[in-house]
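What you are looking at is a predicted structure, and each value in this text was computed from that prediction instead of being measured.
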Amino acid sequence: MNNIDLSQIDSVLNSLADEKGSLITILQKTQDCYGFLPEDAIRYISERTGIAESEIMGVATFYTQFRLTPVGKYLIMLCQGTACHVNGSEIILQTIKDELGIDDGETTSDGLFSLKCVACLGCCSLSPVMMINGDTYGSLTPDKTKKILKELKEAE
């Protein structure tokens with residue numbers, strides 16, 4: 001437990017550690033704090049709550065909202081829903097892979113971009129669509145996608 005400041009989650013654990021059914025809330029607040037669920041934090045949560053690490057990992061890996069590795073500065077969520085699929089999300093996915101050299105669930109070596117394919121973003125009329133840090137980009141084409149990624153890179 002030496003890589004992160006675990007005291008950042010003490011207030012959460014002080015109020016919820018003994019409350020039945022609070023694990024998901026504890027994990028959400030931990031992820032809000034660190035941006036992901038570090039191993040040290042999972043171990044610490046286990047010690048403080050008495051919940052086995054394996055059970056915590058079971059919950060953390062079951063729900064797609066939880067991340068076990070840090071994400072890049074720009075989190076790209078690419079919709080794979082029916083409308084997006086029919087309108088070319090696969091070619092957009094390939095464009096992102098080619099431009100950034102990463103696959104679904106990966107982060108670029110410079111820590112700038114992470115890619116996450118999601119079931120639906122609820123923006124079907126804009127398909128194919130992606131969200132980057134909450135900003136929606138719709139009616140994507142390979143060229144439009146390359147331009148968006150290029151602009152984000154240049155902003156750095």
Side-chain angles (χ1 to χ4, degrees), residues 1-82 84-85 89-90 92-124 126 128-138 140 145 148-149 151-153 155-156:
M1 290 190 223
N2 53 14
N3 296 348
I4 59 168
D5 179 7
L6 293 171
S7 68
Q8 293 182 46
I9 58 171
D10 276 338
S11 64
V12 172
L13 290 168
N14 290 341
S15 64
L16 296 174
D18 296 325
E19 195 173 308
K20 274 209 172 293
S22 64
L23 180 59
I24 290 175
T25 303
I26 291 170
L27 293 177
Q28 288 169 330
K29 292 184 181 294
T30 300
Q31 184 165 281
D32 288 347
C33 185
Y34 303 112
F36 71 110
L37 298 174
E39 275 184 51
D40 291 345
I42 290 171
R43 204 170 298 115
Y44 189 55
I45 292 167
S46 174
E47 291 169 7
R48 292 284 309 271
T49 63
I51 300 170
E53 284 182 50
S54 60
E55 186 176 340
I56 295 170
M57 285 300 294
V59 170
T61 56
F62 179 80
Y63 292 101
T64 58
Q65 67 177 301
F66 296 119
R67 297 181 295 273
L68 298 174
T69 55
V71 295
K73 180 175 181 179
Y74 298 105
L75 175 58
I76 302 167
M77 293 191 302
L78 180 64
C79 185
Q80 297 295 300
T82 302
C84 287
H85 179 75
S89 66
E90 287 304 313
I92 303 305
L93 175 59
Q94 192 58 54
T95 300
I96 294 169
K97 288 179 177 185
D98 292 346
E99 288 297 302
L100 300 179
I102 58 173
D103 207 338
D104 182 26
E106 296 180 344
T107 300
T108 56
S109 59
D110 61 6
L112 205 54
F113 294 95
S114 291
L115 175 60
K116 175 94 172 138
C117 291
V118 298
C120 184
L121 290 173
C123 306
C124 301
L126 301 175
V129 65
M130 68 181 172
M131 287 183 120
I132 302 177
N133 294 358
D135 293 327
T136 305
Y137 301 88
L140 295 171
T145 303
I148 292 164
L149 296 175
E151 287 171 358
L152 291 171
K153 285 180 190 175
E156 296 304 308

Hey, could you give me the [atom1]/[atom2] distance between [X] and [Y], rounded to the nearest 0.5 Å?
{"X": "Ile26", "Y": "Ser15", "atom1": "CD1", "atom2": "OG", "answer": "8.0 Å"}
{"X": "Asp103", "Y": "Lys97", "atom1": "CG", "atom2": "NZ", "answer": "4.0 Å"}
{"X": "Ile24", "Y": "Leu16", "atom1": "CD1", "atom2": "CG", "answer": "12.5 Å"}
{"X": "Leu75", "Y": "Arg67", "atom1": "CG", "atom2": "CZ", "answer": "6.5 Å"}
{"X": "Ile76", "Y": "Asp104", "atom1": "CD1", "atom2": "CG", "answer": "11.0 Å"}
{"X": "Glu156", "Y": "Lys73", "atom1": "CD", "atom2": "NZ", "answer": "3.5 Å"}

Is the backbone N or O of [Y] less than 3.5 Å from a side-chain atom of [X], with the two atoms forming a donor-acceptor pair by type?
{"X": "Ser46", "Y": "Ile51", "answer": "yes"}
{"X": "Thr108", "Y": "Phe113", "answer": "yes"}
{"X": "Gln31", "Y": "Gln65", "answer": "yes"}

Specify the closest pair of heavy atoms between [X] and [Y], including all atoms of both residues, with the distance to one decimal.
{"X": "Gly138", "Y": "Val129", "answer": "CA-CG2, 4.0 Å"}
{"X": "Glu99", "Y": "Leu149", "answer": "CB-CD1, 3.9 Å"}
{"X": "Thr107", "Y": "Ser114", "answer": "OG1-OG, 2.6 Å"}
{"X": "Leu78", "Y": "Met130", "answer": "CD1-CB, 3.9 Å"}
{"X": "Ser89", "Y": "Cys79", "answer": "CB-O, 3.5 Å"}
{"X": "Ile132", "Y": "Tyr74", "answer": "CG2-CB, 3.9 Å"}

Mark yes when over 12 heavy atoms from residues, nucleotides or ligands other than Asp110 sit less than 6.0 Å from its CG; otherwise mark no.
yes
Is Glu39 paired with Arg43 through a side-chain N to carboxylate O contact shorter than 4.0 Å?
yes
State, without any angle test, whether Asp32 and Gln28 hold a side-chain donor-acceptor pair at a distance under 3.5 Å.
no
Which pairs of donor and acceptor atoms, one on a side chain in residues 53-60, lie under 3.5 Å apart (sequence neighbours left out)?
none

Just do the side chain to side chain contact (heavy atoms under 4.5 Å, CB included) check on Leu27 and Ile45 with the steps written out, would you?
CA-CA 9 Å; Leu27 293 177; Ile45 292 167; 4.0 Å; yes
Applying side chain to side chain contact (heavy atoms under 4.5 Å, CB included) to Leu140 and Ile148, what does each step give before you reach the verdict?
CA-CA 10 Å; Leu140 295 171; Ile148 292 164; 3.9 Å; yes
